[in-house]
2 protein chains.
Amino acid sequence: MATIKDVAKLAQVSVATVSRVLNSNGYVNPTTKERVNKAISDLNYRPNDVARSLFKGRSKMIALFVPDIMNPYFPELARAVEDVTNQHDYTFVLCNTDDDIEKEITYLNALQQKSVDGIIIVSSTINKEHIQHINVPIIALDRILSSDLSSVTVTNREGAKEATEYLKEIGCERIAHICGPENASNTVQRLRGYLDVVKDEDWFLSSYVVSGGYNFDKAVEVTINLLKDHPEVDGIFAANDVMGVGVMKAAQSLGLRVPEDLSIIGFDGIALGKTTSPSLTTMAQPIYDIGARAAEILIEHINDKELLRKREEFTVKLIERESTKVRR
Amino acid sequence: MATIKDVAKLAQVSVATVSRVLNSNGYVNPTTKERVNKAISDLNYRPNDVARSLFKGRSKMIALFVPDIMNPYFPELARAVEDVTNQHDYTFVLCNTDDDIEKEITYLNALQQKSVDGIIIVSSTINKEHIQHINVPIIALDRILSSDLSSVTVTNREGAKEATEYLKEIGCERIAHICGPENASNTVQRLRGYLDVVKDEDWFLSSYVVSGGYNFDKAVEVTINLLKDHPEVDGIFAANDVMGVGVMKAAQSLGLRVPEDLSIIGFDGIALGKTTSPSLTTMAQPIYDIGARAAEILIEHINDKELLRKREEFTVKLIERESTKVRR
DNA sequence: CTGAAAGCGCTAACAC
DNA sequence: GTGTTAGCGCTTTCAG
């Protein structure tokens, strides 16, 4: 790899001049400039970003923490973040945390040592204490981590409420809820939204709420038990689509017809919901948009350390598909 | 952030000594060592990896190119690569290329400027010329790019053959194939495997092969047309699972029963195939394993520049699920 | 066993 | 307009 010195030598100028044309910084005679540019292309010279980073203390890298990229909610988020990141000439680092605080701390340290410029975090385990020593801008995405961090989330409670009300409106009389892992902030909000609607119904039982941990297999399992214990249930609101599909699988394995015997609504709006038969009704998040927005806000923070904390909430939207049906 | 100088000052030694204890390099008196370690922890000092990289010319970063992480085949691959990468203290960079050669070249240059240590590439567009100037180790994954690159792939042709034979064995008499994008090496191999089995059948028609571009919506569309033109088709081998699920969706929308009227087999073995009803029979790849192996081989190349090119092929395995059924 | 100093490649004062 | 030079933070000869 050619260095700036090689270019300077070939163009018969000093390295400072080369640096000037490289960064279009300060005055440089058009003729010299041309000579330098020729040398650059002759040598196929590319500036060394590591050296630049060392000088500037910034690396032009942004990292995203997700629990597990294999969970189908995250690829779209990751894609959005990468796109924005890339548009702004940052390099995109992906970290799978498994929601394991040990791994998260290890990543946090490693990234800081690499001078990453900012981090976007989806986590249920990180809290204020873990990040107070970190002097890199951090944005919370999908779930809130700490009151003093900028965040991009969706209207979880309102959306959950709307989903549950929808089930009621189409005629469901016993509505159960498969919730996510207890420690995630969005699990709590979605559960609240559900309870807002059903807690005063005389049929409501606390055993209508079971945890599926945002996980397909777990959701299948708990739904089978739920439906065996409570055959009267005719509507299920799953806190995410992966579990919604699990609920469908469980119902079908029990010989129930969806939506005739059981209506199902999910949350998230991932592509998976379109592939099943019947396809899954859901409260769709603008997943790509929230990922992209988080990246934009992060970049604002990077460019302006004094920027005030921002909290943005995107609304979710009902998408009626085939897993729900008006009953008479 | 504290620097090595601060540590040196506090421990009353030179930076060289600090460096020595940092890297357990050369002799250093146990007492001094302890003093240095105390200073390190007192200052909560972490070495600056950028400075290290500049000196060493290596960045401890590995990149993975995928066409699009939103395609459900790639998250598992990415996860595997990230896990191995992480175990070896590398940072994982993810690049979505959209199989766009322009983007790929841009990434290649940007990564080289950042001194990435190695790149794993899934691509249908990159070829020998594009990478001959790159002096960073590169491994091809899933698809072969160039004869002189190490690669990790699966037995595409054999697997396709087995899938098609399986359909024949269970009694399908008219077997069609939904293939991938023409330029991908694995599309070609899977198509060949299919043809190996059917080309001499007297019922075989070239219009039994249609391209679904490895894409769900496209597969739905072309399958509908195929099934309308050729209602006699009673078995379909889709070149990947995403298309397999699309085929199922198409068949169901046409009122066909799967597997009674139409048996479907996919390729890949992604989790999606388990969620549908009926679940999808498939030729499963050891996706995680090939991703992990590619990362391991890459690291071998990084550690030994003279390492000979390796080409590893993993075998695929039939997983019978509900979308295929023996017919009488 | 430890320190001084050169240098990785680049940028940004500061001179001229 | 252009060159000289001092670092950015670290590692590694080379002395001692």
Nearest-Å distance, [atom1] ([X]) to [atom2] ([N])?
X      : N      : atom1 : atom2 : value
B:D6   : D:dC10 : CG    : P     : 9 Å
A:D49  : C:dG9  : CG    : C1'   : 11 Å
B:Q113 : C:dC10 : CD    : C1'   : 13 Å
B:R58  : D:dT11 : CZ    : P     : 12 Å
A:M1   : C:dC8  : CE    : C1'   : 14 Å
B:L43  : D:dG9  : CG    : P     : 14 Å
B:R35  : C:dG3  : CZ    : C1'   : 13 Å
B:N29  : C:dG3  : CG    : P     : 11 Å

Can you check whether [Y]'s main-chain N or O pairs, donor with acceptor, with [X]'s side chain at less than 3.5 Å?
X      : Y      : result
B:N156 : B:N186 : no
A:S185 : A:I144 : yes
B:T106 : B:E102 : yes

What distance separates B:I139 CD1 from B:R309 CZ, expressed to the nearest 0.5 Å? 11.0 Å
A:E313 CD: over 12 foreign heavy atoms closer than 6.0 Å: yes
Side chain of [X] only, please: which of [options] is the nearest?
X     : options               : result
B:K5  : D:dT12, D:dG3, D:dC8  : D:dC8
B:T3  : C:dA4, C:dG9, D:dC10  : D:dC10
B:N48 : C:dG3, C:dC10, D:dG9  : D:dG9
B:A16 : C:dG3, D:dT11, C:dA13 : C:dG3
B:I4  : C:dC1, D:dC10, D:dG9  : D:dC10

Quick one: is [X] getting a side-chain N or O under 4.0 Å of the [N] phosphate, OP1 or OP2?
X     : N      : answer
A:R52 : C:dG9  : no
B:K33 : C:dC1  : no
B:T17 : C:dT2  : no
A:Y45 : C:dC10 : yes

Within the structure shown, what part of the strands sits under 4.0 Å from [X] by heavy-atom distance: base, sugar-phosphate, or nothing?
X     : answer
B:V18 : nothing
B:S19 : base
A:V50 : nothing
B:N25 : sugar-phosphate
A:T32 : sugar-phosphate

Show the nearest heavy-atom pair for residues A:I131 and A:L108, with the distance to one decimal. CG2-CD2, 4.2 Å
Side-chain donor/acceptor contact of A:R20 with base of D:dG3 under 3.5 Å: yes
Nearest-nucleotide check on DNA chain D, B:V15 vs A:S14; residue mapping nearer the 5' end is A:S14
Please compare A:F55 and B:F55 by the position of their nearest nucleotide in DNA chain C and report the one closer to 5'. B:F55
